[in-house]
2 protein chains.
Amino acid sequence: MGLAKTEIFTDKQNEIAQYAKVFGHPARVAILQYLFKLNACVCGDLVDEIGLAQPTISQHLKELKQVGLIKGNVEGTSVCYCIDADNWKKMKSVMSEFLNQDLDKKECC
Amino acid sequence: MGLAKTEIFTDKQNEIAQYAKVFGHPARVAILQYLFKLNACVCGDLVDEIGLAQPTISQHLKELKQVGLIKGNVEGTSVCYCIDADNWKKMKSVMSEFLNQDLDKKECC
DNA sequence: TTTATTCATTGCAATATTACGATTAAAGGG
DNA sequence: CCCTTTAATCGTAATATTGCAATGAATAAA
């Protein structure tokens, strides 16, 4: 069906999945890494930096914005993007809790 | 196209995206949480635990197995699943490096 | 041997994702 | 007022994902 049955899962599970889904494409990972590397806003060179067409980059930026991980700021004809630090921290805490589950004392096959 | 252009990204970026993609569905998150909660192998009650049909669960388990995060052990007619601790640690180190990028000193919009 | 149980696989329908050309909208420069 | 630049949006093709009914394979139980 291509449609996840989100209603049968907890809010937390859906939240983790939603964040993870955004990271689930290398272009979005690359965009975020670039934003981190620059220590500043990026005004448009993402299309040159990553090797994808402008509409494609724009679409990926939109998804990153929708989950709140980046902010965009209009500056003349161009738009400046950067990491939303507060939301990144929130996301990190949700994902860390999931990733750091206790691996000890597992009676395993 | 529905097909990611993985060749234009680094191995690390593709690796992060591949792990994240697996976490990008709440059913797989739920399966992993259940495996963690039990502290032991799970032999088949995943279908009852999660509310999805058996073939659907089987498919999600396959994807988790393919990235190495779980192991399956045949035991008579049933199969026991559990977290692959070594690979989980490897995944965690890759994901943590990505999530824990430096948020300070960002001149932002 | 027959039957039941458990799980994987196959096949398919519905929907989502990825990518990009074409177009549009908005702001600036002349 | 045009023209350029920049980025969002639209439309569409190709592919991927999700979910399940039906079926198959393997072992256990009778």
Side-chain angles (χ1 to χ4, degrees), chain A residues 1-9 13-14 17-32 34-35 41-67 70-82 109, chain B residues 1-9 13-14 16-31 34-35 41-67 70-82 109:
Chain A
M1 314 227 152
L3 175 64
K5 285 188 156 181
T6 53
E7 68 279 5
I8 67 174
F9 301 103
Q13 286 163 346
N14 284 315
Q18 197 185 29
Y19 281 132
K21 203 170 188 180
V22 170
F23 296 139
H25 194 290
R28 291 188 290 265
V29 171
I31 288 171
L32 291 166
Y34 189 63
L35 292 182
C41 289
V42 171
C43 297
D45 27 63
L46 278 166
V47 174
D48 301 319
E49 184 65 18
I50 322 242
L52 293 169
Q54 180 267 324
T56 309
I57 296 292
S58 191
Q59 201 172 292
H60 285 306
L61 287 169
K62 192 180 175 186
E63 289 174 68
L64 288 167
K65 233 186 307 182
Q66 268 166 357
V67 292
I70 65 172
K71 291 187 284 191
N73 211 337
V74 179
E75 204 145 300
T77 61
S78 63
V79 180
C80 293
Y81 288 102
C82 63
C109 1
Chain B
M1 315 225 151
L3 174 62
K5 285 189 156 181
T6 53
E7 68 278 5
I8 68 172
F9 302 105
Q13 287 163 346
N14 284 314
I16 293 168
Q18 196 184 29
Y19 282 132
K21 203 170 188 178
V22 170
F23 296 139
H25 194 289
R28 292 189 288 265
V29 171
I31 288 171
Y34 189 63
L35 292 182
C41 290
V42 171
C43 298
D45 27 66
L46 277 167
V47 174
D48 302 319
E49 184 65 20
I50 323 247
L52 292 169
Q54 180 266 323
T56 309
I57 297 290
S58 192
Q59 199 173 295
H60 285 305
L61 287 169
K62 192 178 173 186
E63 290 173 67
L64 288 167
K65 233 186 307 181
Q66 269 167 356
V67 291
I70 65 172
K71 291 187 286 189
N73 211 335
V74 179
E75 204 145 299
T77 63
S78 63
V79 180
C80 293
Y81 288 102
C82 63
C109 0

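Order of the sequence lines sets the chain letters (A, B, ...), proteins ahead of strands, with each chain counted from 1.
The interatomic distance linking H25(B) (NE2) with dG19(D) (C1') rounds to 9 Å, in whole Å. Atoms NZ (K21(A)) and P (dA16(D)) sit 16 Å apart, rounded to a whole Å. A straight line from CZ of F23(A) to C1' of dT17(C) spans 18 Å, rounded to a whole angstrom. For H60(B) and dA8(C), the NE2 to P distance is 13 Å, given to the nearest whole Å. The CG-C1' distance, from L52(B) to dA8(C), rounds to 17 Å in whole Å. The interatomic distance linking K5(A) (NZ) with dT15(C) (C1') rounds to 14 Å, in whole Å. Rounded to whole Å, the distance from CG on L64(A) to P on dT17(C) is 14 Å. Counting to the nearest Å, the P atom of dT6(C) and the CD atom of E49(B) are 16 Å from each other.
The nearest heavy atom of DNA chain C to G76(A) and to A53(A) marks one nucleotide each, and the one closer to the 5' end goes with A53(A). Between F9(A) and A4(B), the one whose closest nucleotide on DNA chain D sits nearer the 5' end is A4(B).
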**Q.** Footprint string (nucleotides 7-13 of chain D, 5' to 3'): B base within contact, S backbone only, - free, heavy atoms under 4.0 Å
**A.** BBB---B
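Side chain of N14(A) to main chain of T6(A): a donor-acceptor pair is present (N/O by atom type, distance under 3.5 Å, no hydrogens or angles).
Contact of the Y81(B) side chain with the L64(B) side chain is not registered, since no non-hydrogen atoms from C-beta on lie closer than 4.5 Å. K21(B) is not listed as a side-chain neighbour of F23(A), based on a closest heavy-atom distance of 4.5 Å or more. Considering only heavy atoms from C-beta on, I31(B) comes within 4.5 Å of I50(B) through its side chain.
In the displayed structure, E75(B) atom CD is contacted under 6.0 Å by at most 12 heavy atoms of other residues, nucleotides or ligands.
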Q) Would Y34(B) and D45(B) satisfy side chain to side chain contact (heavy atoms under 4.5 Å, CB included), going step by step from the backbone distance to the final call? A) CA-CA 10 Å; Y34(B) 189 63; D45(B) 27 66; 3.4 Å; yes
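Taking the six-membered ring for Trp and thresholds of 30 and 60 degrees, H25(A) and H60(A) have ring planes inclined between 30 and 60 degrees apart.
Within the nucleic acid shown, E75(A) has no heavy atom closer than 4.0 Å to any nucleic acid atom.
The L3(B) side chain lies nearest to dT15(D) when the options are dT15(D), dC20(C), dG19(D).
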